[in-house]
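Structure, as structure tokens:
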Amino acid sequence: MDAFEGASLSARAMAARPAPYLDELNPAQRQAVETMDGPVLMLAGAGTGKTKALTARIVHLLNTGRARPNEILAVTFTNKAAREMKNRVGRMLGETVEGMPWLGTFHSICVKLLRRHAELICADDDDEDGVVEGAPSLHLKSNFTILDTDDQLRLLKQLIQAAGIDDKRWPARQLASVIDAWKNRALTPDKVPSADANAYNNKGVELYDQYQRRLLELNAVDFGDLLLHMVTIFQQHPDILRKYQNWFRYIMVDEYQDTNVAQYLWLRLLAQGHRNICCVGDDDQSIYGWRGAEVGNILRFEKDFEGAHVVRLEQNYRSTPHILAAASGVIRGNSNRLGKELWTEAEHGEKVRLIGHWDGEEEARWIGEEIESMQRGTRGARAMGLDEMAILVRASHQMRAFEDRFLTIGLPYRVIGGPRFYERMEIRDAMAYFRIVTSPDDDLAFERIVNTPKRGLGDKARQTIQMIARQNGVSLLDGATLAVEQGAIKGKGAKALGELVVNIARWGRMTRATVAADGDAVVEDLLTPQPTKTEVSHVELAQIILDESGYTGMWQNDKTPEAPGRLENLKELVKALESFENLQGFLEHVALVMDNDSDDGGAKVSIMTLHAAKGLEFPAVFLPGWEDGLFPSQRSMDESGVKGLEEERRLAYVGITRAEEVCTISFAGNRRVFGQWQSQLPSRFVDELPEDHVEVLTPPGLYGGGYGAAAPSASMSAGVEARAAAADGYNSPGWKRLQARASERPVSQPRESKASVIDMQAVAAFMIGERVFHQKFGYGAVIDVEGDKVEIHFEKAGIKKVVSRFIKPAAEADDVPF
DNA sequence: TGGTTGTGCATTTTT
DNA sequence: TGCACAACCA
């Protein structure tokens, strides 16, 4: 079956004349839709109807007969966005959406393409004259498996060990991220610039090379390869590139600000011919710099594609003026922008609300109650449903506080973007079973399941299998068979392994039987007698595999609290099989298609990270945890400096602009970090909120009432006055002044408070260069002061960041000069 | 082999 | 604080 075949809706779409969808657009949107030839950059702010415009453009292309559905390449970043766009196109056309095979994520499209050309990826392919001795040159095969992060780590770990590198000092995940970054920048091992060569203890490139070779041996690719391989193929095979350039007559890219170098190259190669490329994006919403996205791509679009039309979408249909103004105020702090001013016709609306809390738990408690009262309609103009509210956090560990709280008060919630369904351990185990059954060469799958459930096969047994397999040049599964036959493995393990091998072979036969039955054997079925034993559907077979292998049993006997959930997931997995023809088809699609959108009814509050919230909108949004170090994240600032800070600010912008009616920002004075209580300063972004559009709320509990003793722990129990002081400092309009004072005051001052009392005002009482003493780290010199955190170069312990109340001026600690 | 205990470290963000 | 991994013991 060729994906290039025409699609059913094309004929009708092309015949259609009227274009009612155009009437629904505003002038800017309409311009973006009707500028059909040549490069177009649609600069679309948050909530300006860019998806609508993009969809209309697709429909218009079809409607005017400029392209057939399968000649349009439309790329999104998430499966969800792709699905949504398909649905919208279908709705606009009043047709089903089967006909847009090239609407999808970068990854899903590249999988399709790469399966057609996999054999072009090989080792040592440019050497014509016999280089390889003995070893046949390796080619990728079209049935390659896609490595997930876990497999990738396992593989790298093996390589690191083989290279004799101390895994503790250079963990595999570090190598993984180095390689990942290279792939994002479209750097194959031979192209890694020498400036990067010292990455990973100078062994980075070498290991990268070995890793790629190993992947080829395993007939596998990782996420980055999907794109990178396609770029390589396009670069090395102009004829193939030309074929696709001609085929994809129109190219559309959503969220262009998030493209990395590899994606950018890929797109540029494809668009080179006709240059009918339309990119949509918002430089202010570029929040994936950390995984290689280059805001530069959107900033230099006009240079890349000369004569590009730039259309600005600036009318916002989503939020109230106050919310919009607050977001604009924050994003104004960034310097490198294309510049857009969003405006709205909406008039009324609440100001953005700001509230400070004593600690993270109180914050969760307050938000919980606020949600309940909004639900009842006691607060604000109308009663809201739970699914109209969302809590957006910076880092996923912040979710815990809310989950705890909501569980105790019985507030239904849903966490979006947790570990994806197919990434869960049990799902991957089950998939590994399916994989080894359908393709016995899959060594990764074999490794994963040999001893799951426990079969008494430990490290030694596995090494033996490895060895035998390598000696005979066969797969691990065959190696295991040999090992059993030769008696290389003894005892319980041998028996269990023997059974496993036999079972896998048997299931494999059953699979092939079901494939045949599902296939085109209708006529033959009438002629040949029914194959008696093979009358199982692939769904039943999957169940049989899981049951007979003992995998289901393993979880049934497991008494940990997660076990029932895992069994539930397995059931779901088996159910998901129903929509596929056979196991093989399922395996090909699952990794890229399945997500955990389990819409198990009932209105629920959504909890998610800011990243996961991009593209979504909610009437009411809570943005907790606006504290320096948490948001903006310390790490982001440490690693990428101003660039990092600007990305954090864009994240703040994304957060605020998710809100339609009510936006509530909050921060806590104290937070538990690694089980330690730490005092926090409000985020610098809080200061950047324009005062006229913000209402500062007073937290409950300030006047003695409210929540009783919320003292976080005995040692830190601060007593009423400190608490009141904290709350007062933050929530009277003085919160801004307090911060100003703190930052103006890197001067050494005698501090009055004792360390046992939390005093918000006791911040930053040290001077840069001052010699200080710390109980644990000893003596050191102050390098930097930031809020109440002081960065110190300790003589013994190196550079550390310490909360100021844990250090003393060196003179106080010890008068003896050094 | 497999289970247990102990240590050290960690929290961004994900197709 | 809690998880992951390593060393240890049965």
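Note on naming: letters A, B, ... go to the chains in the order of the sequence lines (proteins, then strands), and numbering restarts at 1 for each one.
Of the residues near DNA chain B, A:F106 and A:L457, the one whose nearest nucleotide (by heavy atom distance) lies more toward the 5' end is A:L457. For the pair A:R291 and A:G456, nearest-nucleotide mapping onto DNA chain B gives the more 5' position to A:G456.
Between B:dT15, B:dG2, C:dG2, one nucleotide has an atom nearer to the side chain of A:N451 than all others, and that is B:dG2. Listed candidates were C:dT1, B:dT15, C:dG2. Nearest to the side chain of A:R400 is C:dG2. Taking only side-chain atoms of A:H397, from C-beta outward, the nucleotide of B:dT11, B:dT15, B:dT13 with the closest atom is B:dT11. Counting only heavy atoms from C-beta on, A:A395 has its side chain closest to B:dT13 among B:dT13, B:dT1, B:dT15. Taking the side chain of A:H107 as heavy atoms from C-beta on, and the options B:dT13, B:dA10, B:dT15, the nearest nucleotide is B:dT15. With B:dT13, C:dG2, B:dG3 as the choices, the nucleotide that has an atom nearest any side-chain atom of A:K454 turns out to be B:dG3. Of the candidate nucleotides B:dT1, B:dG3, B:dT11, B:dT1 has the atom nearest to the side chain of A:A461. The A:K157 side chain lies nearest to C:dC5 when the options are C:dC5, B:dT13, B:dT15.
Aromatic ring centres of A:H357 and A:F667 lie farther apart than the 6.0 Å criterion allows.
Distance, A:F223 CZ to B:dT15 C1': 6 Å, rounded to whole Å. For the pair A:L267 CG and B:dT15 P, the computed distance is 19 Å after rounding to whole Å. Atom CD of A:E403 is separated from atom C1' of C:dT1 by 16 Å (rounded to the nearest Å). A straight line from CG of A:L153 to P of C:dA4 spans 13 Å, rounded to a whole angstrom. Remark: P of B:dT15 and CZ of A:R83 are 12 Å apart, rounded to the nearest angstrom. Nucleotide B:dT11 holds its P atom 17 Å from the CD atom of A:Q680, rounded to whole Å. If you measure from atom CD1 of A:I416 to atom P of B:dT15, you get 13 Å, rounded to the nearest angstrom. The CD1-P distance, from A:I146 to B:dT14, rounds to 20 Å in whole Å.
Note on A:F77: only backbone sugar-phosphate atoms sit closer than 4.0 angstrom, heavy atoms only; bases stay farther off. Note on A:K492: nothing from the nucleic acid sits closer than 4.0 angstrom, heavy atoms only. Residue contacts for A:E639: at a heavy-atom cut-off of 4.0 Å it reaches a base atom on one of the strands shown.
When the options A:R337, A:R650, A:R649 are evaluated for a salt bridge (charged side-chain N to carboxylate O under 4.0 Å, His left out) with A:D284, the one that passes is A:R337. For the ring-ring contact (aromatic ring centres under 6.0 Å, His included) test with A:W266, the passing option among A:F248, A:F106, A:Y244 is A:F106; the others fail.
Between A:T609 and B:dT14 there is a side-chain N or O to OP1 or OP2 distance below 4.0 Å.
Residues A:M85 and A:D254 are in side-chain contact: their nearest non-hydrogen atoms beyond the backbone lie under 4.5 Å apart.
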Apply salt bridge (Lys or Arg N to Asp or Glu O under 4.0 Å) to the pair A:D359 and A:R671, showing each step before the final yes or no. CA-CA 6 Å; A:D359 64 19; A:R671 203 170 280 279; over 6 Å; no
Take A:E255 and A:K50, measure what salt bridge (Lys or Arg N to Asp or Glu O under 4.0 Å) needs, and give me the verdict at the end. CA-CA 10 Å; A:E255 311 281 13; A:K50 87 178 169 194; 3.3 Å; yes
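Nucleotides B:dT13 and C:dA4, compared at atom P, are 14 Å apart to the nearest Å.
You cannot call A:F674 stacked on the base of B:dC9; the centres under 5.5 Å and planes under 30° rule is not satisfied.
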